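Just so we're clear, the structure is a prediction, and the values are computed from it rather than from any experiment. The sequence lines fix the lettering, A, B, ..., with proteins before strands; numbering per chain opens at 1.
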Amino acid sequence: MKKTGILYDERFLLHKTGEGHPEIPERLTVIMGAIEESGLISKMVSIPVTAAKMRWIEKVHSPKYIHRFEEACMLDLGELGDPDNHICPMTYDTALLAVGGILNAIDMLMEGKIDNAFCAVRPPGHHAEMMDAYGFCFFNNVAIAARYLQLQWNVARIMIIDFDVHHGNGTQHIFEQDPEVFYYSIHEHPSFAYPGTGREFEKGSGPGLGMTLNSTVLPGQGDEEYKTKITQDLIPAFEQFKPDVVLVSAGFDAHAADDMSDILLSTEGFSWMMEQICRMTDLYAAGRLISVLEGGYCLDVLPELLKNHVEILLGLKKLHTETEKESPCLLINR
Amino acid sequence: MFIDKSMTKDVIAVSPQMSILEARDIMVQKGIRHLPVVSEGDILVGILTDRDLRAAMPSVILSEAEKADGVKRLAGITVQDIMTADPVTVSPAQTLEDALLLMERHKVGAFPVVDLDGRLRGIISVRDLMRAFVTVLGLRTPGVLIGIVVDDKLGQMKKIVDAISELGVSFGSVLVARVWEEGKRAVFPYLLTNNVARVKKHLLEKGFTLLDPMEWCLDQVPKK
């Protein structure tokens, strides 16, 4: 069994988004509930949560934007940029804690205190651009983590794997020209899904050309298409790039029961994908992997999805999964 | 939206007396396919296209000797010998819609833009139009397209806009497929939100019919 870190803090619940918003604190409470009830938590190493130092946030975001975000929360303006990005007075502090916790996870990983980790954080990060909040995201958690690995730990080759059903526009743009960070994303085809980027012809630019890879999935597709794309696109890219550390933008909204997309990935499909990622990470990156929560909004399926996710990180034999139950989240897609 | 707001003003033009080999080099170096041809005082006299040039060049299937001979003869040929004289032009005061419709009608990729005195002021190409439409569709702003089918009658758009605005969601653009099917139109709002589930749910509750993304089409829906 692996030494798997778990990052969670009740303060991650303090970022409130209000009625009608899918990115709610309950996402984390159901996830942590499942990890606790299944007894997995006792097998995991707790990661301390501290606010991130500003110098690391500034490696990705402009000081002007950081200031605008802080001020909007202090003044309780209700949103930052798009109305999508609901904020409350605690959002800024929560976002700092999320990043800080992830950086602590990286320290523990690089010091050999853990083999890998799952970070149950809010708010999510992969849509956040250098100078703008988008799609419920404020600080780009994974992007800051990658910069931290580069600058604090001199890691030369970092691979970001983003399986949130929405393309991680922010992460792609931040590393578009960086030859040392490979960004792979599998998501619903951008003509049908937010944010409208991540087309297969987007491959990075300048020195980073070829270091961005997008696999797009059409509405209505599921396990089979994911297996094809992961096998044809991700695995060869992994073998060629040979990362030293893998960061996962773990979004669970491609699930059939999640109404945020038209993609029909099953619970088993998610497990299969994560098993492939861990297998490749073991082969090429000595198993060094940090998984960071992005999207995933169906409270009915998150518990099982995350229990499986953590079991795979721990290297436990995957337990038998329950048969798919009808979920109320499904109603809208019909 | 006038052409002079979207045209390329820094246009490269050539003289009628220029050798076509020189003109070819300019096209290759600058990566352009249309060279307006001007006489003194920037008066437009024609346009040289890559198609005009290709037609004048020796065929690749000729022998080396024949090709060398052809190239030798080309050195004496000038732009005015092979250019399209009196090309279709547009004025800076015409609109992007004019340019779009004229391109469709004349099946060309670019028009020289000339003022009332016949002086070259710029060039408007398919590329300029594409850039303008990519921008106007909002494709560079994070958002998501949804498809709604409505009856082809007055007031439908207002209902859609009202329903979506109630949720505080902004529009990046709206496309309308006019010939969706008899008596119906398909409306495609590009919404600046990641919270698409909430929008869809709200529209369904209001009685709208959402379209399966795999059926989306801007032209006439193909008959099955």
Q: Is the CD atom of A:Glu224 crowded by more than 12 outside heavy atoms at less than 6.0 Å?
A: no
Q: Tell me, yes or no, whether the heavy-atom count around A:Leu75 atom CG, taken from other residues, nucleotides or ligands under 6.0 Å, exceeds 12.
A: yes
Q: If I take atom NZ from residue B:Lys200 and atom CE from residue A:Met260, how far apart are they, to the nearest 0.5 angstrom?
A: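 B:Lys200 NZ to A:Met260 CE: 9.5 Å, rounded to 0.5 Å.
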Q: Heavy-atom pairs under 4.5 Å with chain A - which of B:Ser170, B:Pro213, B:Gly147, B:Gly138 has more of them than the others?
A: B:Pro213
Q: Counting C-beta onward and ignoring hydrogens, is there a side-chain heavy-atom pair between A:Pro195 and B:Val144 closer than 4.5 Å?
A: no
Q: List the atom of B:Asn195, the atom of A:His21, and the distance in Å for their closest heavy-atom pair.
A: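 It is ND2-CA, 4.0 Å.
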Q: Are there residues of residues 87-113 of chain B that reach to under 4.5 Å of chain A by heavy atoms, and which ones?
A: none
Q: Mind ranking A:Pro190, A:Pro22, A:Gly196 by heavy-atom pairs under 4.5 Å with chain B and telling me who comes out on top?
A: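 Top option by heavy-atom pairs under 4.5 Å: A:Pro22.
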Q: When rounded to the nearest 0.5 angstrom, what distance separates CG in B:Leu191 from CG in A:Asp82?
A: 11.0 Å
Q: For A:Arg68, does the CZ atom have more than 12 heavy-atom neighbours from other residues, nucleotides or ligands under 6.0 Å away?
A: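 Yes, because the 6.0 Å sphere around CZ of A:Arg68 holds more than 12 heavy atoms from other groups.
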Q: Looking at every heavy atom in both A:Pro83 and B:Gly168, which two are closest together, and how far apart are they?
A: CG-O, 3.2 Å
Q: Rounded to the nearest 0.5 Å, what separates atom CG in B:Asp212 from atom CZ in A:Phe192?
A: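 Nearest 0.5 Å value for the CG-CZ distance: 9.0 Å.
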Q: Is it true that atom CE of A:Met131 has more than 12 heavy atoms of other residues, nucleotides or ligands lying nearer than 6.0 Å?
A: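 No, not enclosed.
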Q: Please report the interatomic distance OG(A:Ser191) to CZ(B:Phe188), rounded to the nearest 0.5 Å.
A: 11.5 Å
Q: Mind listing the closest non-hydrogen atom pair of B:Leu192 and A:Asp84 along with its distance?
A: O-OD2, 4.3 Å
Q: Does the distance from a Lys or Arg side-chain N to an Asp or Glu carboxylate O, for A:Asp259 and B:Arg198, drop under 4.0 Å?
A: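 Salt bridge: no.
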Q: Write out, in numerical order, the residues from residues 120-130 of chain A with a heavy atom short of 4.5 Å from a heavy atom in chain B.
A: A:His127
Q: Return yes when atom CZ of B:Arg131 has more than 12 non-hydrogen atoms of other residues, nucleotides or ligands closer than 6.0 Å, and no otherwise.
A: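 Count over threshold, so yes.
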Q: Are the side chains of A:Tyr134 and B:Asn194 in touch, meaning some heavy atoms are under 4.5 Å apart?
A: no
